[in-house]
Amino acid sequence: MEIRYVIVLIILVFVTGCWGGEQESTLQRAENKAGEKEPEEIRALELVDYDFSEMGAEKLKDTYKSSELESKIFSYEKSFSQNDYKGAVGADNQVAFIEGSGEVNVLISAPHTTRHVRESEVKPAEIYTGALTYLIQEYTGAHIIFNTHKGEDANYILGGEYKEKIGEIIEEHEIDLVIDLHGSSQDRPFDVDIGTDGGDTVREEWLQQLYTILNHHGIERVYENHTFSANHPGTVTHHTWNEYGTEAMQLEINYDFRNPRNDLKPFYNMLRSLVVFVENVE
């Protein structure tokens, strides 16, 4: 009986997240990431004419067709997935910034690339948000900031080093928009949930453009403030808008679009959509 119990326990641990927490637990699905309340009403987004530059997306398309994209994804993700998604535990700093080419004044943020700690509880990594961040930079020239290893939850605590660094980047590089990338579980009722704190943190025009681009690439379950509205003052989006006066949005991306090992095409469609959007922010 004792041996059988140990075997069952090992299986349960494996299924519920020993590979970096690729899925949210039942408890995590029952609560929002930063104590947010679900909005009483979900505002419908509108499609606009599809008239966007796709220079970066065309380069990405060539990479995808040549079968090189998959190796790029896994190469970028390796720094975060090491040590069971605790990341580069020996790194001097938990926060990393890589300057872009200056072609777009957009900062891509990924604070949950590794396991992170909120109120003494270790939360799972939101896998492949780190790889997405690197790839968006590669094909658009955007600036990027991300978490390098396990540490405090930068999207929950008030203030903190991560958000302070965002303020410095905004001032130095005249950032127009901060896009904070996150990952949700597979059983969420959306493909992408755009958190805008009730529409306050970003202009309507950019929301409509993002919605149109995602829809164009077959990503249709896109909502604003459905579950994760970024209304908590500890979120990157709320802090960026209220403390620095810079527009921001929080993107919660369903696991179905962050699982390239299982199905590369949805990941590619999400990446391509974000590349087109970032390239056309002006």
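It should be emphasised that the depicted structure is a prediction, and the values quoted were computed from it without experimental measurement.
- Note that OG of Ser101 is 11.5 Å distant from CD of Glu138, once rounded to the nearest 0.5 Å.
- Minimum heavy-atom separation, Thr113 to Gly130: CG2-CA, 3.6 Å.
- Atom-to-atom distance recorded for Leu60:CG and Leu135:CG is 7.5 Å, nearest 0.5 angstrom.
- Distance check: Tyr211 OH to Ser273 OG gives 13.0 Å after rounding to the nearest 0.5 Å.
- The nearest pair of heavy atoms linking Val278 to Ala142 is CG1-CB, 4.1 Å.
- With Gln94 as the partner, the side-chain hydrogen bond (donor to acceptor under 3.5 Å, both in side chains) test is satisfied by one option alone out of Asn147, Thr114, Thr148: Asn147.
- In this structure, Phe257 and Pro266 approach most closely via the heavy-atom pair CD2-O, 3.4 Å.
- Residues Arg188 and Asn254 share a closest heavy-atom pair of O-ND2, 3.4 Å.
- Here the straight-line distance linking atom CG of Asp193 with atom CD of Glu252 works out to 6.5 Å at 0.5 Å rounding.
- Defined by atom type and a distance below 3.5 Å, a donor-acceptor pair is missing between the side-chain atoms of Asn215 and Glu220.
- With contacts defined as side-chain heavy-atom distances shorter than 4.5 Å, the pair Lys65/Lys61 qualifies.
- Between the side chains of Thr140 and Glu279, no donor N or O sits under 3.5 Å from an acceptor N or O.
- Residues Pro111 and Tyr162 have side chains in contact (heavy-atom distance under 4.5 Å, counting atoms from C-beta outward).
- Under the 3.5 Å distance criterion, with hydrogens and angles disregarded, a donor-acceptor pair is assigned to the side chains of Asn225 and Thr196.
- Side-chain atoms of Asn155 come within 3.5 Å of backbone atoms of Val236 as a donor-acceptor pair (strictly under, hydrogens ignored).
- Side chains of Val202 and Leu177 form a contact here, defined as non-hydrogen atoms less than 4.5 Å apart.
- For Tyr223 and Phe190, the gap between ring centers reaches or exceeds 6.0 Å.
- Side-chain contact check for Thr63 versus Lys72: some heavy-atom pair is nearer than 4.5 Å.
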> Should Lys59 and Glu54 be marked as a salt bridge (charged side-chain N to carboxylate O under 4.0 Å, His left out) after you check the CA-CA gap, both sets of side-chain angles, and the distance that decides it?
Replying inline: CA-CA 9 Å; Lys59 293 177 183 177; Glu54 294 197 354; over 6 Å; no
> Given Thr246 and Trp241, is the side-chain contact (heavy atoms from CB on, under 4.5 Å) satisfied, shown in steps?
Replying inline: CA-CA 5 Å; Thr246 297; Trp241 173 245; 5.8 Å; no
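- By the 4.5 Å heavy-atom criterion applied to side chains, Leu251 and Phe277 are not counted as neighbours.
- In terms of modelled atom types and a separation under 3.5 Å, the side chain of Asn83 and the main chain of Gly87 share a donor-acceptor contact.
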>> I'd like to know whether Ile253 forms a side-chain contact (heavy atoms from CB on, under 4.5 Å) with Thr129, so could you lay out the CA-CA distance, the side-chain angles of the two residues, the decisive distance to 0.1 Å, and finally the verdict.
In response: CA-CA 9 Å; Ile253 301 172; Thr129 54; 5.8 Å; no
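- Cluster membership for Leu45 and Phe52, using ILVMFWY side-chain heavy atoms within less than 4.5 angstrom, is shared.
- Centroid-to-centroid, the aromatic rings of His182 and Phe228 stay 6.0 Å apart or farther.
- Atom CD1 of Ile98 sits about 10.5 Å away from atom CD1 of Ile145, to the nearest 0.5 Å.
- Put simply, the side chain of His116 does not reach to within 4.5 Å of the side chain of Lys150, judged on heavy atoms.
- When all heavy atoms are compared, the tightest approach of Tyr244 to Ile170 is CD1-CD1, 3.8 Å.
- Under 4.0 Å is where a charged nitrogen must lie from a carboxylate oxygen, and between Glu243 and Lys163 no such pair does.
- Using modelled atom types, one side-chain atom of Glu247 and one backbone atom of Arg203 make a donor-acceptor pair closer than 3.5 Å.
- In summary, Arg115 and Glu126 do not engage in a salt bridge, as defined by a charged side-chain N under 4.0 Å from a carboxylate O.
- The ring of Tyr268 has its center no closer than 6.0 angstrom to the ring center of His217.
- Taking the six-membered ring wherever Trp is involved, the centroid distance between the rings of Tyr85 and His149 does not fall below 6.0 Å.
- Side chain to side chain, Asn259 and Gln186 fail the donor-acceptor criterion of an N or O pair below 3.5 Å.
- The shortest non-hydrogen separation linking Val275 to Ala57 is CG1-N, 3.7 Å.
- Rounding to the nearest 0.5 angstrom, the gap separating the NE2 atom in His238 from the NE2 atom in His232 is 9.0 Å.
- Aromatic rings from Tyr134 and Phe146 are positioned such that their centres are separated by under 6.0 Å.
- Using a 4.5 Å cut-off between side-chain heavy atoms of Ile, Leu, Val, Met, Phe, Trp and Tyr, with links allowed through other members, Ile169 and Val104 fall into different hydrophobic clusters.
- A centroid separation of 6.0 Å or more is found between the aromatic rings of Phe74 and Tyr76.
- Met270 is connected to Val106 through a chain of hydrophobic side-chain contacts under 4.5 Å among Ile, Leu, Val, Met, Phe, Trp and Tyr, so both are in one cluster.
- No donor-acceptor pair under 3.5 Å is formed between the side chain of Asp263 and the backbone N or O of Asp256.
- At least one donor-acceptor pair closer than 3.5 Å links the side chain of Thr201 to the backbone N or O of Ala248.
- Side-chain contact between Pro189 and His226 is present, with heavy atoms from C-beta onward closer than 4.5 Å.
- Side-chain heavy atoms closer than 4.5 Å link hydrophobic residues (I, L, V, M, F, W, Y) into clusters, and following such links, even through other members, never connects Leu271 to Met55.
- Remark: Arg118 qualifies as a cation-pi partner of Tyr156 under the 6.0 Å distance and 45° angle criteria applied to the six-membered ring.
- In this structure a side-chain-to-backbone donor-acceptor pair under 3.5 Å is missing from Thr240 to Thr237.
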> Leu107 and Ile179: side-chain contact (heavy atoms from CB on, under 4.5 Å), yes or no, with the steps?
Replying inline: CA-CA 6 Å; Leu107 174 65; Ile179 302 174; over 6 Å; no
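- A side-chain donor from one of Asp153 and His112 sits under 3.5 Å from a side-chain acceptor of the other.
- Linking Ile, Leu, Val, Met, Phe, Trp and Tyr whenever their side-chain heavy atoms come within less than 4.5 Å puts Ile144 and Val281 in one cluster.
- Side-chain contact between Ile194 and Leu207 is present, with at least one heavy-atom pair separated by less than 4.5 Å.
- Aromatic ring orientation, Phe267 versus Tyr128: perpendicular (interplanar angle above 60°, classes split at 30° and 60°).
- In the displayed structure, Gln208 atom CD is contacted under 6.0 Å by more than 12 heavy atoms of other residues, nucleotides or ligands.
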>> What verdict does the side-chain contact (heavy atoms from CB on, under 4.5 Å) test give for Leu274 and Tyr139, after you've listed the backbone C-alpha separation in whole Å, the side-chain angles of each residue and the deciding distance to 0.1 Å?
In response: CA-CA 10 Å; Leu274 294 177; Tyr139 292 99; over 6 Å; no
> Should Glu121 and Lys123 be marked as a salt bridge (charged side-chain N to carboxylate O under 4.0 Å, His left out) after you check the CA-CA gap, both sets of side-chain angles, and the distance that decides it?
Replying inline: CA-CA 6 Å; Glu121 182 182 352; Lys123 300 288 186 178; 3.6 Å; yes
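- A donor-acceptor contact shorter than 3.5 Å is absent between the side chain of Asp180 and the backbone of Gln250.
- Without hydrogens or angle criteria, His143 side chain to Gly100 main chain gives a donor-acceptor distance under 3.5 Å.
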